[in-house]
Amino acid sequence: QVQLVEFGGGLVQPGGSLRLSCVASGSIFRIDKMGWYRQAPGKERELVAGVTRAGRTNYADSVKGRFTISKDAKNTVYLEMNSLKPEDTAVYYCNADQSTSSLPDSYVRTYWGQGTQVTVSS
């Protein structure tokens, strides 16, 4: 019941920067975490960065010091990517985890965006 739409991808030269955005809509209450994953051709999808409701962040080792994840009060999440490398080329997917309720039998639902292409090349 949550819809996620990403934008901001594109073609950038090595060393350049991009900012990705993900807008959540629908039943966006009780979203515990939002984040970014990426998948390159022939490779598995991997975690890039995540942020919790409380504002805690985590990053893949490969992007620490270069990427920054943030969110606002409208459940929009951003990924600022600096010092981009060709190895960063991938489809980037926004995700969100939502608790079904505040009761003890609650569980987490995961939602995904459609993906946005990031290409780092000369």
Side-chain angles (χ1 to χ4, degrees):
Q1 204 168 343
V2 174
Q3 293 81 46
L4 304 173
V5 179
E6 307 102 327
F7 66 95
L11 175 64
V12 64
Q13 294 185 356
S17 299
L18 283 174
R19 174 173 287 199
L20 306 182
S21 301
C22 173
V23 180
S25 62
S27 300
I28 61 174
F29 55 92
R30 293 194 301 273
I31 292 179
D32 304 309
K33 180 188 73 68
M34 297 186 70
W36 292 93
Y37 288 70
R38 67 186 181 188
Q39 186 168 23
K43 295 191 174 183
E44 296 181 351
R45 187 174 301 187
E46 64 176 350
L47 172 70
V48 177
V51 59
T52 69
R53 178 182 293 272
R56 298 184 182 90
T57 59
N58 66 289
Y59 298 90
D61 288 341
S62 60
V63 306
K64 285 181 179 177
R66 300 189 297 121
F67 292 10
T68 302
I69 189 170
S70 61
K71 64 180 180 66
D72 63 20
K74 304 296 183 181
N75 285 106
T76 299
V77 65
Y78 306 90
L79 184 67
E80 182 177 343
M81 304 183 293
N82 300 310
S83 301
L84 282 162
K85 306 174 180 180
E87 308 92 274
D88 296 317
T89 296
V91 177
Y92 284 70
Y93 296 91
C94 179
N95 89 309
D97 288 345
Q98 181 185 57
S99 297
T100 58
S101 77
S102 60
L103 300 176
D105 62 349
S106 176
Y107 62 94
V108 176
R109 294 172 176 168
T110 298
Y111 298 89
W112 296 93
Q114 82 287 350
T116 185
Q117 177 71 46
V118 172
T119 302
V120 185
S121 176
S122 299

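Note that the numbering runs from 1 along the sequence shown for the chain. FYI, side chains are in, hydrogens and waters are out, and symmetry mates aren't considered; it's all heavy atoms of this structure. Everything quoted here is computed from the prediction, not taken from an experiment.
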Taking only distance into account, with no hydrogens and no angle test, what donor-acceptor pairs under 3.5 Å do side-chain atoms of residues 15-28 form with protein atoms, sequence neighbours excluded?
| residue | atom | partner | partner atom | Å |
| --- | --- | --- | --- | --- |
| S17 | OG | N82 | OD1 | 2.9 |
| R19 | NH2 | E80 | OE1 | 3.0 |
| S27 | OG | Q1 | NE2 | 2.8 |

D97 side chain vs D32 backbone, donor-acceptor pair below 3.5 Å: no
T89 and Q117: CA distance, side-chain angles, deciding distance, side-chain contact (heavy atoms from CB on, under 4.5 Å) verdict: CA-CA 8 Å; T89 296; Q117 177 71 46; 4.0 Å; yes
Donor-acceptor under 3.5 Å (T52 side chain, K33 main chain): no
Which atom of E6 lies closest to which atom of C94, heavy atoms considered: OE2-N, 2.8 Å
Point-to-point distance, once rounded to the nearest 0.5 Å, from CZ of R30 to CZ of R53: 9.0 Å
ring-ring contact (aromatic ring centres under 6.0 Å, His included) contacts in which one or both residues fall within residues 51-88, not counting sequence neighbours: none
Closest contact, heavy atoms only, V51 versus T57: CG2-CG2, 3.9 Å
Nearest-0.5 Å distance that lies between atom CG in L79 and atom CD1 in I69: 6.0 Å
Closest heavy-atom pair and its distance - M34, A96: CG-CB, 4.1 Å
Polar side chain donor-acceptor pair, T100 to S106, under 3.5 angstrom: yes
Spatial distance of atom CG (L47) from atom OG (S62) [nearest 0.5 Å]: 9.0 Å
Straight-line distance of S122 OG to L11 CG, nearest 0.5 Å: 9.5 Å
Heavy-atom donor-acceptor pair, R38 side chain to E46 backbone, under 3.5 Å: no
Pairs meeting criterion ring-ring contact (aromatic ring centres under 6.0 Å, His included) with involvement of residues 89-122, two or more places apart: Y37-W112
Exam field: side chain D88 to backbone V118, donor-acceptor pair closer than 3.5 Å: no
Step-by-step side-chain contact (heavy atoms from CB on, under 4.5 Å) determination, V2 to Q98: CA-CA 9 Å; V2 174; Q98 181 185 57; 3.7 Å; yes
